Protein chains: 2
Amino acid sequence: MSEVCARSKILEAAGEVFAEKGFKAATIREICTNAGVNLASVNYYYGDKEQLYLEAVKLSHPGRLGEGETALPEDIPVAEKLRVFVRGLLDRLAKDNDSSWQVRLFRREIIQPTPFCRETLEEFFRSRFSVLEKLVEEILPPGSPAWQRRQICFSIIGQCVYFRAAKNVVSMVIGDDEYDSHYNTENLTEHILRFSLCSLGLQKPFSLEDRPLEDRFDAEIGA
Amino acid sequence: MSEVCARSKILEAAGEVFAEKGFKAATIREICTNAGVNLASVNYYYGDKEQLYLEAVKLSHPGRLGEGETALPEDIPVAEKLRVFVRGLLDRLAKDNDSSWQVRLFRREIIQPTPFCRETLEEFFRSRFSVLEKLVEEILPPGSPAWQRRQICFSIIGQCVYFRAAKNVVSMVIGDDEYDSHYNTENLTEHILRFSLCSLGLQKPFSLEDRPLEDRFDAEIGA
DNA sequence: ACTTGTTTTAAACACTTGTTTGAATTACGT
DNA sequence: ACGTAATTCAAACAAGTGTTTAAAACAAGT
């Protein structure tokens, strides 16, 4: 198609294949075929497969992209900020994502980090996590311990990741119909947000009245 | 050590190696070496690698083991039942588990199912899920839609799976010290249980008083 | 002791993988 | 046009994989 040099053609094809199959299952032969270059070109331009993968992941880093999603709107209620965060994360993790390989490859690294680019990912995780942590800190009472705050953050993140990563398991249990109708990004955002806001006391719990009180609030847990 | 036939020696060694490295990365050569049998024995006794894996997974199925953890105690409050469920799941998913390869191999299949034994797993998932679903049904108001109930179930399961499966990410963000002190099975059980019970209205939310009310309950979400 | 069927063995096969090689081709400055 | 460097290419290499083979060793029945 485009008249670009072989080096970038390789990287483009490699990103696509790596995003599709992962590091191990992707083969240099397929990458070179798709790129329309000779088999030896990968080693000529990038040294070996591992360095090629690292270059691809570096290019997939959202910091390098102009997505600028790390900044949350300022002048909205904290619950709304949380919704933006949850939807953003779900979007990024969306399985049926026909977006660029950068997004898909980076999602791969989020869900199953390879040992090659640990530091590249670590920086991303920390920065994203701190956004959520500040958000939860706004909600929790001032005296709350930091470890508890972080556990809550991971509970929120965990739901997002699980719903996306375990699509197979979910649809295996509930069937494809219900999955299609209740597990798109919109549905999941609302559910996870509500589930989490209830815990945080910003929304009424799923079950409030119309239940007998004898077995309510009587689990001797925590405080 | 023990004087058993080659067939079972292979299965034993295979279970160990499969649990450690997964299907793809495990090699027949390593299995046979560990079992102390000839390389060709796997194909002689089991046909091929795939069938051997399937036999190992079948043997790892908790239904086949005498663990009998599917039955929850009857005469305890529903919140306690949920705790038993959560702890049981966390136990089964525990990363640093020096237990038998059966448990570790089955955990592997739970987190990353291989296409080989889909039906074997499907039965397990459904049965376990229905236990949790009945439990949640007890808590929710009678009119609640089924899809919502199931979403809640997956939110609970998702937390358990994520905290266990994403240990690398978690400790990468918060450091090993905090992980060791606040993310063992006991801590996680209490946290996930509380986070979930809050949502379900069986426990007071993390934040109730001592916060300004202006940004509380004002997210126009759900009902 | 001989036969028959089962198990074990070493070797090879067929295939895929990442990587290297050395010659052929191209690009480009002089 | 020439010469040098960069690039491309087909081919092979080396290591690893699951699998097959055919002969050897063994066990058991008669």
Side-chain angles (χ1 to χ4, degrees), chain A residues 1-59 101 105 108-109 112-117, chain B residues 1-60 101 105 108-109 112-118:
Chain A
M1 312 289 175
S2 52
E3 274 299 332
V4 288
C5 64
R7 206 190 139 89
S8 53
K9 276 198 298 185
I10 292 173
L11 191 54
E12 191 64 26
E16 199 64 55
V17 177
F18 280 139
E20 187 67 27
K21 313 200 167 182
F23 175 79
K24 186 78 180 293
T27 71
I28 292 187
R29 279 173 173 80
E30 180 179 3
I31 291 171
C32 290
T33 302
N34 291 1
V37 303
N38 186 267
L39 173 62
S41 302
V42 161
N43 299 73
Y44 179 76
Y45 283 107
Y46 291 94
D48 59 3
K49 185 185 182 184
E50 204 168 296
Q51 289 181 57
L52 173 61
Y53 184 76
L54 203 127
E55 288 302 313
V57 171
K58 273 186 188 164
L59 211 65
W101 61 262
L105 179 56
R108 229 180 217 290
E109 276 288 324
Q112 277 182 354
T114 59
F116 313 129
C117 32
Chain B
M1 307 299 170
S2 52
E3 273 300 331
V4 286
C5 65
R7 206 189 140 88
S8 55
K9 275 198 300 184
I10 291 174
L11 192 54
E12 191 64 27
E16 199 65 55
V17 177
F18 281 138
E20 186 68 26
K21 314 199 166 181
F23 175 78
K24 187 75 181 295
T27 71
I28 293 187
R29 279 171 173 82
E30 181 178 2
I31 291 171
C32 290
T33 302
N34 290 2
V37 302
N38 185 267
L39 172 62
S41 303
V42 161
N43 298 70
Y44 179 75
Y45 283 108
Y46 292 93
D48 59 1
K49 186 186 181 184
E50 205 169 292
Q51 289 182 56
L52 172 61
Y53 184 76
L54 203 129
E55 288 302 314
V57 171
K58 273 186 190 164
L59 211 66
S60 81
W101 60 262
L105 179 57
R108 225 179 221 289
E109 275 290 323
Q112 275 183 354
T114 59
F116 313 129
C117 31
R118 190 188 159 89

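Given the structure is predicted, the values throughout are model-derived calculations rather than measurements.
A residue-by-residue look at B:Ser41 and A:Asp48 shows that B:Ser41 has its nearest nucleotide of DNA chain C further toward the 5' end. Of the two residues contacting DNA chain C, namely B:Arg29 and A:Glu50, the nearest-nucleotide position lying further toward the 5' end is that of B:Arg29.
Computed from coordinates, the A:Ile28 CD1 to D:dA15 P distance equals 17 Å when rounded to whole Å. A:Lys24 places its NZ atom 16 Å from the P atom of C:dT16, with the value rounded to the nearest Å. Atom CD of B:Glu30 and atom P of D:dG18 are 10 Å apart (whole Å). If you take OH of B:Tyr46 and P of D:dG18, they are 16 Å apart, rounded to a whole angstrom. Taking atom CG of A:Leu39 as the reference point, atom C1' of C:dT16 lies 12 Å away to the nearest angstrom. Counting to the nearest Å, the P atom of D:dG18 and the CD1 atom of B:Ile31 are 8 Å from each other. Counting to the nearest Å, the P atom of D:dA6 and the CZ atom of A:Arg7 are 15 Å from each other. Summarising the geometry, the separation between CG on B:Asn38 and C1' on D:dA24 is reported as 12 Å, rounded to the nearest angstrom.
Not one side-chain nitrogen or oxygen of B:Asn43 sits closer than 4.0 Å to the OP1 or OP2 atom of D:dG18. Between B:Tyr44 and the phosphate of C:dT8, there is no side-chain N or O to OP1/OP2 separation shorter than 4.0 Å.
Closest non-hydrogen pair, A:Glu20 versus A:Arg108, comes out as O-NH2, 3.0 Å.
Note on A:Tyr45: only backbone sugar-phosphate atoms sit closer than 4.0 angstrom, heavy atoms only; bases stay farther off. When heavy atoms are screened at a 4.0 angstrom cut-off, B:Ala6 is found touching the sugar-phosphate backbone but no base atom. Backbone-only engagement by B:Ala26 is indicated by non-hydrogen atom pairs under 4.0 Å involving sugar-phosphate atoms exclusively.
Listed candidates were D:dT20, C:dT20, C:dG18. Nearest to the side chain of B:Ala40 is D:dT20.
Look at D:dG29: its Watson-Crick or wobble partner, with both distances under 3.5 angstrom, is C:dC2. When both distances must be under 3.5 Å, the Watson-Crick or G-U wobble mate of C:dA11 is D:dT20.
For the pairing with A:Leu52, the side-chain contact (heavy atoms from CB on, under 4.5 Å) check across A:Ile28, A:Val57, A:Leu11, A:Asn43 returns one residue only, A:Leu11.
Taking CG of A:Asn34 as the start and CD of A:Glu12 as the end, the distance is 11.0 Å to the nearest 0.5 Å. Note that OG1 of A:Thr114 is 3.5 Å distant from CD of A:Glu109, once rounded to the nearest 0.5 Å.
Here the side chains of B:Tyr46 and B:Leu54 are not in contact, with every heavy-atom distance at 4.5 Å or above.
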